[in-house]
Amino acid sequence: MSERDAPGPDLSLAGQPPRFVFITGGVVSSLGKGIASASLGALLTARGYRVRQRKLDPYLNVDPGTMSPYEHGEVFVTDDGAETDLDLGHYERFTGINGKRSDNVTTGRIYSEVIARERRGEYLGKTIQVIPHVTDAIKDFIQADTGDAQFVLCEIGGTVGDIESLPFLEAIRQLGNELGSDRVCFVHLTLVPFVGAAGELKTKPTQHSVKELQSVGIRPDVLLARCERDIGDDEIRKISLFCNLRKERVIPALNVASIYAAPRQYHEQGFDGEVLKHFGLPTEPGPQMAGWDALVNRIMQPRHGTVRIAIVGKYTELLDAYKSLQEALIHAGAANDAKVLVDWVNSEELDRPSAERDRLQEAQGILVPGGFGIRGTEGMIHAVTYARERGVPYFGICFGMQMAVIEGARNCAGIEGAASTEFGPADDPVVGLMTEWTRGNQVERRDEGSDLGGTMRLGAYPCLLQAGSLVRSVYGSDVISERHRHRFEVNLSYRSALEAAGYRFSGLSPDGVLPEIVERPDHTWFVGVQFHPELKSKPFEPHPLFTSFVAASMKTSRIA
Ligand code: GLN
């Protein structure tokens with residue numbers, strides 16, 4: 001597998017305060033601002049700089065934890081237990097540096113902190129206003145906890161022109177003014193659409209977007225022009241003229257076949273070089289890219305062909321809900337020199353008896369990912385039965401582990417009423433809230449009026465692996481640390497019944513109370529984990545469970 005290059009530390013900035021790069025977006029959303037920010041992070045890291053990457057989200061939710069995956073996509077969880085935007089996943093994967101709670105903030109959190117301070121009387125009777133109190137809180141957040149970072153890259157969510165992003169834009173404008181251009185660089189990403197009827201690329205939306213940004217007092221130092229096709233010299237000159245930027249500062253952001261090819265592409269177009277020039281820093285030696293090039297090569301031209309994995313989940317129409325999962329499978333594919341083809345199966349399609357035989361017959365491996373709520377769970381349980389009975393590798397993640405335990409309890413241990421109390425009172429709560437079984441199995445429904453935000457088990461927890469188990473050999477270690485995001489747990493009181501039915505509780509919390517991993521030793525590869533390993537997989541550190549699952553799946557011969 002390819003390794004991240006490790007350039008020597010750059011000492012030219014030793015002892016200096018961090019420089020800030022603010023990345024805004026214009027015209028439309030979904031242009032790849034997160035990948036652009038992550039690519040700059042990757043390039044600066046590949047030049048030997050220490051980087052922190054942050055995201056400021058303009059919505060009013062305190063964090064994305066309470067949002068539906070349909071609204072927001074994946075909720076990315078950091079080691080320190082923050083529920084954050086999925087772009088933090090890209091930053092971790094592109095720089096290899098783990099994000100923290102202090103790397104993502106929303107308008108909701110800023111306002112709730114300002115209001116809490118007001119209630120405590122900390123503003124000494126002042127009238128609390130967006131400027132300066134809210135903008136000060138934003139500036140404090142941006143500048144706090146930067147550690148030894150030489151660059152702090154801050155992406156502003158949303159699109160310039162949205163009412164809700166104004167306080168963020170005002171805050172970064174003020175910072176630009178206070179810290180000066182040798183410490184602040186503004187990058188703006190826009191769209192240059194191709195209009196078929198005219199047969200031309202159009203620069204007008206970019207001109208308008210830059211105008212909009214200038215109307216709030218921000219002049220971009222570098223412009224990223226997202227475009228479906230090559231942008232000619234004429235268009236670059238036009239953008240440069242109308243947007244008041246030197247030509248070299250207009251960087252075409254072209255489509256790439258894999259997101260991991262974006263850092264190389266942005267480097268070729270001069271992105272990192274122009275940011276460094278803005279700060280008056282040398283552009284030579286360039287970034288060390290051999291590891292990235294080798295990685296992209298393995299992703300694009302794997303030597304061992306393809307492997308088909310069926311992901312049986314609930315949010316299959318919105319794949320952003322499984323962003324880290326998709327990436328972890330790409331990393332595991334590259335580690336095995338194979339291309340993972342994902343077949344997204346809506347679990348509701350498998351609710352009908354025997355449907356799984358048609359829908360899953362080409363799958364060489366079956367994965368049930370995280371999820372919430374009862375809808376589609378019978379289909380997931382059918383998928384587990386199918387994988388278990390036919391010896392197809394099975395990987396259950398969080399909800400997928402809970403489904404595997406319910407399936408095993410019902411079909412192997414003869415516990416007919418086995419269910420999760422997430423779906424209502426259960427005769428046999430093999431999955432439930434810990435408080436339920438510690439109170440002698442009295443099943444209590446969660447108070448409907450209670451808070452949903454911040455009530456989950458979140459962040460990194462240690463787990464002890466049992467000697468001789470599959471997971472012990474896959475990790476090559478007795479103790480692991482993985483990230484969690486769930487309310488419900490597998491009920492330890494069913495351990496002996498399940499172990500008698502062929503299961504092994506191969507990973508437990510250090511106090512021995514929480515089952516974190518369940519496997520079936522008689523099966524080719526059957527592992528359920530209560531945590532989310534996909535959150536820690538990185539292109540240069542593919543997750544061992546995913547690598548092992550993909551390797552096992554490659555050995556499954558295709559039935560059809
Ligand atoms: N709904 C389950 C729980 O809350 C699983 C959560 C998940 O898969 N992330 O425990």
Side-chain angles (χ1 to χ4, degrees), residues 63-78 81-84 86 89 311-316 318 320-326 328 347 366-381 383-384 394-407 409 418-424 426 429-438 443-448 450-461 463 482-492 494 507 509 513-518 527-537 545:
D63 61 40
T66 53
M67 283 194 226
S68 148
Y70 294 109
E71 285 285 319
H72 185 269
E74 172 181 87
V75 174
F76 188 80
V77 180
T78 54
E83 296 180 284
T84 69
L86 60 78
I311 299 186
V312 181
K314 202 159 98 170
Y315 312 109
T316 46
L318 184 88
D320 264 4
Y322 303 113
K323 195 82 223 159
S324 296
L325 187 60
Q326 289 174 275
S347 56
I366 294 175
L367 192 155
V368 175
F372 294 83
I374 194 165
R375 184 167 63 81
T377 51
E378 286 309 313
M380 292 176 196
I381 290 172
V384 180
Y394 176 79
F395 195 3
I397 295 180
C398 202
F399 208 43
M401 163 171 169
Q402 298 173 359
M403 293 303 121
V405 165
I406 293 170
E407 194 276 339
S420 167
T421 58
E422 181 172 353
F423 317 137
V430 292
V431 177
L433 292 173
M434 247 221 301
T435 45
E436 294 167 349
W437 61 80
T438 49
V443 178
E444 269 179 29
R445 293 286 289 143
R446 218 178 331 113
D447 174 7
E448 292 302 330
S450 68
D451 270 0
L452 282 183
T455 55
M456 285 199 241
R457 182 173 174 221
L458 289 168
Y461 284 87
C463 165
E482 292 282 3
R483 298 183 194 167
H484 291 247
R485 180 171 188 259
H486 54 104
R487 289 192 183 85
F488 296 84
E489 309 270 359
V490 170
N491 189 340
L492 192 68
Y494 291 90
S509 56
V513 172
L514 301 174
E516 311 281 37
I517 309 179
V518 171
V527 176
V529 295
Q530 188 57 79
F531 44 81
H532 287 275
E534 71 276 21
L535 300 177
K536 284 184 68 169
S537 184
L545 282 176

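The basis for the numbers below is simple: all heavy atoms, side chains too, and nothing from hydrogens, waters or symmetry mates. Numbering starts at 1 and runs along the sequence shown. Ligands are counted one by one from 1 in listed order, and the atoms in each one are counted from 1 as well.
Proximity of a side-chain donor or acceptor of Asn491 to a complementary backbone N or O of Pro429 within less than 3.5 Å is detected. Between the side chain of Glu422 and the backbone N or O of Gly373 there is at least one donor-acceptor pair closer than 3.5 Å.
In terms of the salt bridge (charged side-chain N to carboxylate O under 4.0 Å, His left out) criterion, residue partners of Glu407 (sequence neighbours excluded) are, by chain and number, Arg388.
Glu534 is not listed as a side-chain neighbour of Gln326, based on a closest heavy-atom distance of 4.5 Å or more. The side-chain heavy atoms of Glu74 and Ser324, taken from C-beta on, include a pair separated by under 4.5 Å. Contact annotation: the side chain of Thr377 approaches that of Met403 to within less than 4.5 Å [non-hydrogen atoms, C-beta and beyond].
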N/O contact list for ligand 1, threshold under 3.5 Å:
| from | atom 1 | to | atom 2 | distance (Å) |
| --- | --- | --- | --- | --- |
| ligand 1 | 1 (N) | Gly371 | O | 2.9 |
| ligand 1 | 1 (N) | Glu422 | OE1 | 2.7 |
| ligand 1 | 1 (N) | Glu422 | OE2 | 3.0 |
| ligand 1 | 4 (O) | Arg487 | N | 3.0 |
| ligand 1 | 8 (O) | Gly371 | N | 3.0 |
| ligand 1 | 8 (O) | Gly371 | O | 3.4 |
| ligand 1 | 8 (O) | Phe399 | N | 3.1 |
| ligand 1 | 9 (N) | Arg485 | O | 2.8 |
| ligand 1 | 9 (N) | His532 | NE2 | 3.1 |
| ligand 1 | 10 (O) | Gln402 | NE2 | 3.1 |
| ligand 1 | 10 (O) | Arg487 | N | 3.3 |
| ligand 1 | 10 (O) | Phe488 | N | 2.8 |
| ligand 1 | 10 (O) | Phe488 | O | 3.4 |

